[in-house]
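Report on one structure; see the data block that follows.
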Amino acid sequence: MDAAKGTGTSDDWLVFVSHSGIDTWVARQIAREITKCGATPFLDEADTDVGADFEEEIHAFLKKANELVVLLTPWALERPYVVMEIGAAWIREIPIVLLLLGLTATEVQGHSRMLGLLKRRNLVLLNDIERYLEELRAQVQSCQEAAT
C-alpha cells in the first residue's frame with residue numbers, strides 16, 4: 001500500500017469503512033479494530049454529525065482516505081452507496097479490501113452490480129479479518145517510521 005495515494009499524513013492512515021445500515025453493529029466492531037491498529041477509520045454513522053450533508057461528508061473522506069474497507073453482505077450488495085464508494089476508491093487507485101459476510105467470493109464476482117471491478121481485489125472472509133488487521137498494523141507502523 002502506498003501512503004502517497006491517500007492525502008492523510010503518514011502517521012494518520014485513513015480507512016473508509018463502507019457498509020449497509022443493516023450491518024452497522026458489525027461495521028462498528030471493524031472500525032474499533034482498525035483504531036486498535038493505529039489507523040483512523042471513517043464510519044458514516046459515527047463520523048457524520050446530525051444534520052450534516054451526509055453525501056458531502058462521505059465524499060470528503062473518500063478524497064483523502066488511504067484505503068477502503070467494505071463489509072460486503074447480501075444487503076450491502078444492494079446498497080447504491082456501497083457501489084459508489086467502491087467506484088470512487090477504484091478511480092483513486094487506493095486499496096480496496098472486501099470483508100465477506102454471508103457471501104462467497106464467487107457470488108461477489110458474479111454479481112451484476114460489481115461490474116468486474118472486484119475480480120482481482122482482496123476478498124477476505126470476515127472470519128479471517130486478522131489477516132487484514134495484521135497487514136494494516138504493519139502499514140501503519142511503516143508509515144509512522146517513515147515520518148520519523
Side-chain angles (χ1 to χ4, degrees), residues 1-50 52-73 75-77 79-103 105 108-109 111 113-148:
M1 288 183 235
D2 184 355
K5 296 256 185 194
T7 59
T9 62
S10 59
D11 62 344
D12 191 18
W13 193 261
L14 305 176
V15 180
F16 190 104
V17 180
S18 179
H19 67 287
S20 167
I22 293 171
D23 302 316
T24 298
W25 187 87
V26 178
R28 281 188 199 134
Q29 307 321 302
I30 293 167
R32 185 183 70 216
E33 294 302 315
I34 288 170
T35 300
K36 287 180 183 178
C37 292
T40 302
F42 174 86
L43 190 62
D44 60 4
E45 62 88 28
D47 296 315
T48 303
D49 295 331
V50 174
D53 185 335
F54 173 77
E55 291 173 346
E56 186 176 306
E57 297 278 333
I58 287 173
H59 190 252
F61 197 91
L62 270 171
K63 279 178 153 179
K64 60 185 180 179
N66 296 95
E67 66 186 68
L68 174 71
V69 168
V70 182
L71 174 58
L72 206 51
T73 64
W75 303 279
L77 273 178
R79 185 173 180 248
Y81 281 105
V82 170
V83 176
M84 288 188 308
E85 291 157 2
I86 291 169
W90 183 76
I91 288 169
R92 285 200 54 231
E93 298 180 351
I94 61 174
I96 301 170
V97 177
L98 294 127
L99 300 174
L100 305 182
L101 179 61
L103 293 167
V108 171
Q109 293 167 341
H111 195 279
R113 286 199 171 201
M114 292 300 104
L115 306 171
L117 295 176
L118 307 175
K119 292 189 182 205
R120 296 185 316 257
R121 298 294 180 191
N122 198 2
L123 303 170
V124 179
L125 295 175
L126 186 59
N127 285 340
D128 297 328
I129 192 173
E130 281 303 318
R131 186 179 102 205
Y132 163 69
L133 294 173
E134 288 172 14
E135 291 176 10
L136 178 61
R137 278 184 208 99
Q139 178 65 43
V140 169
Q141 183 177 359
S142 174
C143 288
Q144 289 172 340
E145 289 170 0
T148 57

What I want to check is whether the side chains of Gln141 and Glu145 have a donor and an acceptor closer together than 3.5 Å. yes

Reported CG-to-CG distance for the pair Leu14 and Leu62, which is rounded to 0.5 angstrom: 11.0 Å

Counterpart residues, side chain to side chain donor-acceptor pair (under 3.5 Å), relative to Glu130 (two or more places apart): none

For a quick check under 3.5 Å, do Gln144 and Trp13 share a side-chain donor-acceptor pair by atom type? no

When you look at Leu68 and Ser18, which way does the side chain to side chain contact (heavy atoms under 4.5 Å, CB included) test go after all the steps? CA-CA 7 Å; Leu68 174 71; Ser18 179; 3.9 Å; yes

If every non-hydrogen atom of Ala39 is compared with every non-hydrogen atom of Val15, which pair is closest and at what distance? CB-CG2, 4.0 Å

For the residue pair Asp128 and Val124, what are the closest heavy atoms and their distance? O-CG1, 3.6 Å

If you measure from CG on Leu100 to CD1 on Ile129, what distance do you get to the nearest 0.5 Å? 11.5 Å

Shortest non-hydrogen contact between Leu123 and Arg131, atoms and distance: O-NH2, 4.5 Å

Does the distance from a Lys or Arg side-chain N to an Asp or Glu carboxylate O, for Lys36 and Glu33, drop under 4.0 Å? yes

Contact summary for His19 and Leu43, nearest pair of heavy atoms: CE1-CD1, 3.3 Å

Determine the interplanar angle of the Phe61 and Phe16 rings, folded into 0 to 90°, and report it as parallel if under 30°, tilted if 30 to 60°, perpendicular if over 60°. tilted

Just so I know, are the side chains of Leu126 and Val26 near enough to count as touching, which here means a heavy-atom distance under 4.5 Å? yes

Under the side chain to side chain contact (heavy atoms under 4.5 Å, CB included) criterion, do Val70 and Glu85 qualify, and how do the steps go? CA-CA 9 Å; Val70 182; Glu85 291 157 2; over 6 Å; no

When rounded to the nearest 0.5 Å, the distance separating CD of Glu67 from CD1 of Ile34 is 7.0 Å

If only atom types and distance count, is the side chain of Thr35 paired as donor or acceptor with the main-chain N or O of Ala31 below 3.5 Å? yes

Could you give me the CA-CA distance, side-chain angles and deciding distance for Leu71 and Thr73, then say whether side chain to side chain contact (heavy atoms under 4.5 Å, CB included) is met? CA-CA 6 Å; Leu71 174 58; Thr73 64; 4.1 Å; yes

Trace of the side chain to side chain contact (heavy atoms under 4.5 Å, CB included) decision for Val108 with Leu72: CA-CA 9 Å; Val108 171; Leu72 206 51; 3.7 Å; yes

Do the non-hydrogen side-chain atoms of Ile58 and Met84 ever get within less than 4.5 Å of each other? no

Closest non-hydrogen contact found for Ala65 with Arg92 is O-NH1, 2.8 Å

If you round to the nearest 0.5 Å, how far is OG1 of Thr24 from CD of Gln29? 11.0 Å

Under the side chain to side chain donor-acceptor pair (under 3.5 Å) rule, collect the residues that match up with Ser20, sequence neighbours excluded. none

Nearest atoms (heavy-atom pairs only) where Ile96 meets Ile86: CD1-O, 3.8 Å

